[in-house]
Protein chains: 2
Amino acid sequence: MSAPGDITEVMALDRLVHEPARLLILAVLSGAKLVEFGFLEQVSGLSKGNLSSHMSKLEAGGLIEVKKSFRGKRPLTELCITPAGRRALANYRRQLATVMQGIPAPAAPTKRRREE
Amino acid sequence: MSAPGDITEVMALDRLVHEPARLLILAVLSGAKLVEFGFLEQVSGLSKGNLSSHMSKLEAGGLIEVKKSFRGKRPLTELCITPAGRRALANYRRQLATVMQGIPAPAAPTKRRREE
DNA sequence: TCAACTAGTTTGTAATGCAAACCTATTTGC
DNA sequence: GCAAATAGGTTTGCATTACAAACTAGTTGA
């Protein structure tokens with residue numbers, strides 16, 4: 001289908017997953033059954049608003065499920081990744097591996113450290 | 001600085017490089033001294049307009065250099081990656097490697113394909 | 001001459017990422 | 001008891017973006 005390390009594969013990356021904020025969310029979710037909104041907010045450093053909107057997009061895409069309930073008397077939003085979400089993440093990871101083969105590693109990680 | 005495979009590193013990805021179209025351009029450029037606009041257009045599958053604007057952004061960011069000349073009587077635009085571009089690409093690659101460690105590989109790529 | 005092609009650039013637009021402002025309910029200070 | 005602060009999010013507004021359609025400028029073919 002594609003040559004090993006075919007860099008053009010990069011164009012097929014799932015944009016829903018490719019966005020750093022959402023990739024982070026998915027990665028965190030993939031390591032737990034259920035994650036609280038507030039926890040994600042802290043881990044990710046995203047603002048509530050930003051997190052909320054990324055959450056909605058992932059939910060709309062079927063990659064995560066959002067459960068709303070109450071802890072005591074306060075609202076509590078929890079997220080979990082769906083099977084489709086896991087597949088999307090695994091697939092993204094695969095594509096990323098392919099893409100990385102298409103990006104040349106620096107010839108020699110020489111001792112000189114570049115300043116930019 | 002960051003734990004091995006720290007997934008929050010994903011938030012530090014260089015957006016100029018992270019965009020698939022531009023990553024593709026950079027990857028192609030990294031493997032040649034000089035690449036023609038038309039060649040990139042075909043390899044990437046990008047429209048001329050899209051390619052042109054990504055090219056401008058990469059140039060504005062100092063990651064590539066654009067040389068305009070003539071071949072016979074027709075205009076010819078050629079691109080080449082700059083040292084800064086190479087560094088940015090190498091750095092991106094490094095970060096990507098870190099990020100990938102934070103994305104769990106599917107436990108076992110079992111033979112059964114599930115649908116939900 | 002004029003249509004069609006080459007080689008790109010500019011323009012228009014829909015979608016995106018982001019945070020400020022907002023909303024609703026609870027808790028705390030006095 | 002009630003104003004202010006806090007918790008837990010959502011909605012709105014905005015600046016940026018990716019993308020292709022339309023355009024520009026020159027060239028070749030008939």
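Per chain, numbering begins at 1; letters A, B, ... match sequence-line order. Just the heavy atoms: all of them, side chains too, but no hydrogens, waters or symmetry mates, feed the values below.
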Requested in this report: Measure the distance from CG on L40(A) to C1' on dT10(D) and round it to the nearest whole Å.
Outcome: 16 Å

Report task. Look at the side-chain N and O atoms of N50(B) and state whether any lies under 4.0 Å from the OP1 or OP2 oxygen of dA18(D). Result -> no

Report task. Would you kindly give the CD-to-C1' distance between Q42(B) and dG8(C), to the nearest whole Å? Result -> 14 Å

Query raised in the report: So what does E41(A) hit on the nucleic acid, given a heavy-atom distance under 4.0 Å: a base, only sugar-phosphate, or nothing?
Result: nothing

Requested in this report: Could you check if a side-chain atom of M55(A) sits within less than 4.5 angstrom of a side-chain atom of I64(A), using non-hydrogen atoms only?
Outcome: yes

Query raised in the report: Counting any heavy atom closer than 4.0 Å, what does K48(A) reach on the DNA or RNA strands: base, sugar-phosphate only, or nothing?
Result: base

Report summary line: Closest to the side chain of S52(A), out of dT9(C), dA18(D), dT10(D), is dT10(D)

Query raised in the report: When you look at L16(A) and R22(A), which way does the side-chain contact (heavy atoms from CB on, under 4.5 Å) test go after all the steps?
Result: CA-CA 7 Å; L16(A) 189 55; R22(A) 286 189 299 257; 3.7 Å; yes

Query raised in the report: Nearest nucleotide by nearest heavy atom, which residue falls closer to the 5' end of DNA chain D, R15(B) or F37(A)?
Result: F37(A)

Query raised in the report: M55(A) side chain: which of dG8(C), dC19(D), dT10(D) is closest?
Result: dT10(D)

Query raised in the report: Expressed in angstrom and rounded to an integer, what is the separation of E59(B) atom CD from dG8(C) atom C1'?
Result: 14 Å

Report summary line: Whole-Å distance, K68(B) NZ to dT6(C) P, equals 19 Å

**Report entry** Of the listed nucleotides dG17(C), dA20(D), dA18(D), the one nearest the side chain of S47(B)
**Finding:** dA20(D)

Query - Rounded interatomic separation in angstrom, taking CG from L24(B) and P from dA18(D) - result: 14 Å

Query raised in the report: If you measure only the distance, is there a donor-acceptor pair under 3.5 Å linking the side chains of N50(B) and H54(B)?
Result: yes

Report task. Counting heavy atoms from C-beta on, name the nucleotide in dT10(D), dT9(C), dG8(D) closest to the side chain of R71(A). Result -> dG8(D)

Query raised in the report: Rounding to a whole Å, what distance do you find between L51(B):CG and dA18(D):C1'?
Result: 13 Å

Query - Any R22(A) side-chain N or O less than 4.0 Å from OP1/OP2 of dG17(C) - result: yes

Query raised in the report: With a 4.5 Å limit on heavy-atom distance, are the side chains of F37(A) and L76(A) in contact?
Result: no

Report summary line: With the side chain defined as heavy atoms from C-beta on, A21(B) is closest, among dT27(D), dA20(D), dC19(D), to dC19(D)

Query raised in the report: Where the side chain of H18(B) meets the backbone of L23(B), is there a donor-acceptor pair that is under 3.5 Å apart?
Result: no

Requested in this report: Using a 4.5 Å cut-off on heavy atoms from C-beta on, say whether the side chain of V17(B) contacts that of L63(B).
Outcome: yes

Requested in this report: Determine the contact category for L76(B): base if any of its heavy atoms lies under 4.0 Å from a base atom, sugar-phosphate if only primed atoms, P, OP1 or OP2 are that close, otherwise nothing.
Outcome: sugar-phosphate

Report summary line: Which of dT16(C), dA7(C), dT6(D) is nearest the side chain of R74(A)? It is dT6(D)

Query - Whole angstrom value for the distance that separates P of dT6(C) from CD of E36(B) - result: 14 Å

Query raised in the report: So does H54(B) get a side-chain nitrogen or oxygen closer than 4.0 Å to the phosphate oxygens (OP1/OP2) of dT17(D)?
Result: no

Query raised in the report: Between atom NE2 in H18(B) and atom P in dA18(D), what is the gap in whole Å?
Result: 11 Å

